[in-house]
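Just so we're clear, the structure is a prediction, and the values are computed from it rather than from any experiment.
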Amino acid sequence: MMRRPWLIALLLLALWGGWSWWHTRPLHPGPGELAPDEPAQTALDEPVEPIRFGDFVLTPRAKFDLVARVLSTEHYRFDAGAALVPEDFALGWGRMSDSAVLKDIDISQSGRFYYWHVQQFPIPRREIETHSANMHLIPADAGVHRALERVRVGQVVALDGFLVDADRKDGWHWRTSLTRDDTGAGACELFYVTSVGGSGAQAIAASPDPP
């Protein structure tokens, strides 16, 4: 009799895991550029008031929005920046949103970096570097946070907000990249996301998941 509660708990945990996987499983759209446009970065006409975000102060550096394909996602709970940036998205646009290109590129994320590997380049190396990026996402509120958590790999997502620098009283800071041309440490965008939209339905329609 003592074992039954444990069995029920394990069953509930398995059901929750299955439900969670089903709702976040990757999409597999067909070939073709799903996000052909470059991200739009606009200089601020005048300084924007710093944004207080918990223990952090965010300084907007530029207005930023993009429509891009989600290449990978990584959630963070315990690293130094997790209280500010709970997740990173690796995003691609132009030919880096095309399944015909991406099938030849292995993509992963860890330690706040985005990694790619090819056996043979499907497009020039520099195009991969300038048409994809790892972005550190700061959700502006709980609704944006929930929306980001529901985003699936393979989905086309529209994100609006600001590129920001972040500071904390103890001297800790995090600086955003302001160009898509850089690579390596410091090349990621620190993106304060104010709204989440996109055309995930189009991605699903392009290549429905098997039942």
Side-chain angles (χ1 to χ4, degrees), residues 9 12-27 34-35 39-42 44 47-93 109-114 133-170 172-178 188-204 209:
L12 290 174
L13 184 62
L15 289 172
W16 179 85
W19 180 90
S20 180
W21 174 85
W22 179 255
H23 285 274
T24 59
R25 69 197 187 283
L27 301 174
L34 299 180
Q41 180 175 317
T42 307
L44 302 174
V48 176
E49 285 293 319
I51 302 164
R52 296 207 168 269
F53 190 93
D55 294 332
F56 305 92
V57 175
L58 309 180
T59 302
R61 299 290 308 281
K63 184 75 178 69
F64 191 69
D65 61 84
L66 81 166
V67 176
R69 176 172 172 164
V70 181
L71 307 179
S72 177
T73 64
E74 185 72 18
H75 301 273
Y76 294 91
R77 297 291 182 267
F78 305 110
D79 75 352
L84 178 67
V85 180
E87 53 202 320
D88 291 358
F89 284 3
L91 298 169
W93 53 92
Q109 288 172 285
S110 69
R112 296 293 182 179
F113 284 91
Y114 144 57
N134 187 58
M135 299 197 181
H136 308 310
L137 305 182
I138 305 171
D141 55 42
V144 171
H145 193 179
R146 286 192 298 270
L148 291 173
E149 288 186 320
R150 290 195 295 266
V151 170
R152 297 160 63 180
V153 173
Q155 183 176 343
V156 176
V157 64
L159 304 177
D160 295 331
F162 296 90
L163 297 180
V164 299
D165 291 336
D167 293 277
R168 199 168 56 194
K169 287 182 180 179
D170 61 5
W172 182 95
H173 63 270
W174 203 340
R175 299 292 176 253
T176 185
S177 168
L178 292 171
C188 298
E189 287 72 19
L190 188 57
F191 188 4
Y192 180 73
V193 181
T194 57
S195 69
V196 182
S199 50
Q202 293 178 11
I204 295 171
D209 287 318

Quiz item: Do Asp141 and Arg146 sit within salt-bridge range, that is, some charged N less than 4.0 Å from a carboxylate O?
Solution: no
Quiz item: Could you walk me through whether Phe162 and Leu58 pass the side chain to side chain contact (heavy atoms under 4.5 Å, CB included) check?
Solution: CA-CA 10 Å; Phe162 296 90; Leu58 309 180; over 6 Å; no
Quiz item: Residues two or more places apart in sequence or in another chain: which of them pass side-chain contact (heavy atoms from CB on, under 4.5 Å) with Asp170?
Solution: Arg168, Trp172
Practice problem: With sequence neighbours excluded, tell me which residues meet side-chain contact (heavy atoms from CB on, under 4.5 Å) with Thr194. | Solution: Ala140, Asp160, Tyr192
Practice problem: May I have the step-by-step check of side chain to side chain contact (heavy atoms under 4.5 Å, CB included) for Leu159 and Val196, ending in yes or no? | Solution: CA-CA 5 Å; Leu159 304 177; Val196 182; 3.9 Å; yes
Quiz prompt | Ala166 versus Leu84, closest heavy-atom pair with distance | solution = CB-CD2, 3.6 Å
Quiz prompt | Side-chain donor/acceptor of Arg69 to backbone N/O of Val157, under 3.5 Å | solution = no
Quiz item: Any donor and acceptor pair, going by atom type alone, linking the side chain of Glu189 with main-chain N or O of Leu163 inside 3.5 Å?
Solution: no
Quiz item: For Ile138 and His136, what are the C-alpha separation, side-chain angles and deciding distance, and is it a side chain to side chain contact (heavy atoms under 4.5 Å, CB included)?
Solution: CA-CA 7 Å; Ile138 305 171; His136 308 310; 6.0 Å; no
Quiz item: Which heavy-atom pair separates Ala68 from Ala35 by the least distance, and what is that distance?
Solution: CA-CB, 3.7 Å
Self-check item: Closest approach of Arg77 to Pro86 (non-hydrogen atoms, all atoms of both residues)
Solution: NH1-O, 3.6 Å
Self-check item: Residue list, side-chain contact (heavy atoms from CB on, under 4.5 Å) with Pro39, at least two apart or on another chain
Solution: Phe64, Leu66, Trp93, Arg180
Quiz item: Between Tyr76 and Gly111, what is the shortest heavy-atom contact and its length?
Solution: OH-N, 3.6 Å
Quiz prompt | Taking every non-hydrogen atom, the tightest pair across Pro139 and Leu148 | solution = CB-CD1, 4.1 Å
Quiz item: Listed by chain and number, what are the side-chain contact (heavy atoms from CB on, under 4.5 Å) partners of Thr73, not counting sequence neighbours?
Solution: Val70, His75, Phe89, Val153
Quiz item: If you look only at pairs with a residue in residues 51-62, which of them pass as a side-chain hydrogen bond (donor to acceptor under 3.5 Å, both in side chains), with sequence neighbours excluded?
Solution: Arg61-Asp165
Exercise. Please lay out, stage by stage, how Val164 and Phe53 fare under the test side chain to side chain contact (heavy atoms under 4.5 Å, CB included).
Key: CA-CA 12 Å; Val164 299; Phe53 190 93; over 6 Å; no
Quiz item: Any salt bridge (Lys or Arg N to Asp or Glu O under 4.0 Å) pairs touching residues 78-90, not counting sequence neighbours?
Solution: Asp79-Arg112, Asp88-Arg112
